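Everything below concerns the one structure shown next.
Since we're looking at a predicted model, the values are computed, not measured. Residue numbering restarts at 1 for every chain, and letters A, B, ... go by the order of the sequence lines.
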There are 2 protein chains.
Amino acid sequence: MDSQGRHLYFALFNEIGIIAQLSRAAFEARLPPGITVPHFSVLNHLVRLGDGRTPLAIARAFQAPKTSMTHTLAGLEARGLIAMRPNPKDKRSKCVWLTEQGRRFRDEAIGRLEPDLAALARQLPPERLADLVPRLAEIRAILDAARDEPA
Amino acid sequence: MDSQGRHLYFALFNEIGIIAQLSRAAFEARLPPGITVPHFSVLNHLVRLGDGRTPLAIARAFQAPKTSMTHTLAGLEARGLIAMRPNPKDKRSKCVWLTEQGRRFRDEAIGRLEPDLAALARQLPPERLADLVPRLAEIRAILDAARDEPA
DNA sequence: ACCAACTAGTGCGATATCGTACTAATGTCA
DNA sequence: TGACATTAGTACGATATCGCACTAGTTGGT
């Protein structure tokens, strides 16, 4: 591959890395101190797709290492936003349940993000980026599949 | 904004976050231990656009906080890949210069990344994603502009 | 029923990220 | 020129990320 072709991929991942960084910082600026994007994302995930899932299942949904998820869940539990209960089907495992505070927290967080999302939507109308999500998902799937393959 | 509209933006930034994470991990797996993507990116930046820049200029090019850049540059200097010299135009400031090892290191790193890039290019031909880069750059610019604005 | 291979979760350690606060130097404006 | 605001870089501290290695529990083949 020549320098031109290489540069396209570098540029792509560079933009993606910067957007991830900037969007994360913007999100966290609207969340209470100590609450990170992963914290919120997990709450949101559980509200949208249902709670009672295992830590590993949640980690996989975010393509995140399970050790990172342990840490994120510990933070949520310490703040009373989730409760971890033993998994009756597998004694090694646990199930993650939302608490009342957890649900309320997620709703309030979304309320606080609303003005920024609205401002963003004004500059970037949904229809202008709707096709982006499936295309990015395709790239994500390719990278994810390549993860445990031979060199 | 309703739940549907919100979800589109959440999905977008979620995909971007995951891609950033996966691509970063894949990159770093091909770099020597202790060398991170930011390390490589800075070397690559200096080779492509010229060295002798100040730390702050480099930080801005990556939309990164200057404290993070201090840390990244310290790592590169400790490994002998760059040299920091005083800036003759401003005694507060410094200039970052590539060493011979730095240039060689960057070339070798690209060589090690080559097989993965080629494999990626097979699954994601350049023409299928060429339009993605400017569209992401637009999003990046919007987020960057929103950074220091009032709530 | 047994034992080996595997799996879920976590403790630990190394390192990255980045905000705050500081120092030294520069710019500005009267 | 003097005083004040601004800027470049860094030290420091708090926290996030994540690989390795370990424990407890499960599974599958015999």
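Computed from coordinates, the A:Glu77 CD to C:dG9 P distance equals 13 Å when rounded to whole Å. Between the CG atom of B:Leu22 and the C1' atom of D:dT17 there is a distance of 14 Å, rounded to whole Å. Distance, A:Met69 CE to D:dT17 C1': 12 Å, rounded to whole Å. If you take CD1 of A:Ile58 and C1' of C:dG9, they are 13 Å apart, rounded to a whole angstrom. Computed from coordinates, the B:Glu28 CD to C:dT15 P distance equals 13 Å when rounded to whole Å. Atoms CG (B:Leu76) and P (C:dA16) sit 10 Å apart, rounded to a whole Å. The CG-C1' distance, from A:Leu31 to D:dA16, rounds to 15 Å in whole Å. Between A:Gln21 atom CD and D:dA16 atom P the separation is 17 Å, expressed in whole Å.
Both B:Leu56 and A:Lys66 lie near DNA chain D, and the one whose nearest nucleotide falls closer to the 5' end is B:Leu56. Both B:Thr72 and A:Leu73 lie near DNA chain C, and the one whose nearest nucleotide falls closer to the 5' end is A:Leu73.
Using a 4.5 Å heavy-atom cutoff, the side chains of A:Tyr9 and B:Pro126 are in contact. Residues A:Phe40 and A:Leu81 are not in side-chain contact: their nearest non-hydrogen atoms beyond the backbone lie 4.5 Å or more apart.
Using a cutoff of 4.0 Å between basic side-chain nitrogens and carboxylate oxygens, A:Lys94 and A:Glu77 are not scored as salt-bridged. For B:Arg85 and B:Asp51, the salt-bridge test fails: no basic side-chain N is under 4.0 Å from an acidic carboxylate O. In summary, A:Glu108 and A:Arg103 do not engage in a salt bridge, as defined by a charged side-chain N under 4.0 Å from a carboxylate O. With respect to A:Asp131 and B:Arg135, a salt bridge is recorded, a charged nitrogen being found less than 4.0 Å from a carboxylate O. Between A:Glu100 and A:Arg104, no side-chain nitrogen of the basic residue sits less than 4.0 Å from a carboxylate oxygen of the acidic one, so the salt-bridge criterion is not met.
Contacts of residues 87-97 of chain B with DNA chain C (heavy atom under 4.0 Å): B:Asp90, B:Lys91, B:Arg92. A heavy atom lying under 4.0 Å from DNA chain C marks the following residues of residues 34-55 of chain B, by number: B:Gly34, B:Thr36, B:Pro38, B:His39.
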Exercise. Given A:Thr36 and A:His39, is the side-chain hydrogen bond (donor to acceptor under 3.5 Å, both in side chains) satisfied, shown in steps?
Worked result: CA-CA 5 Å; A:Thr36 63; A:His39 288 137; 3.1 Å; yes

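Taking the side chain of A:Arg60 as heavy atoms from C-beta on, and the options D:dC18, C:dA8, C:dA16, the nearest nucleotide is C:dA8. For B:Thr67, taking side-chain heavy atoms from C-beta onward, the closest of the listed nucleotides C:dG9, D:dT17, D:dA11 is D:dA11.
In this structure, A:Leu31 is a member of the same hydrophobic cluster as A:Leu76, with clusters built from ILVMFWY side-chain heavy atoms closer than 4.5 Å.
Residue B:Thr70 places no side-chain N or O under 4.0 Å from the OP1 or OP2 atom of D:dG9.
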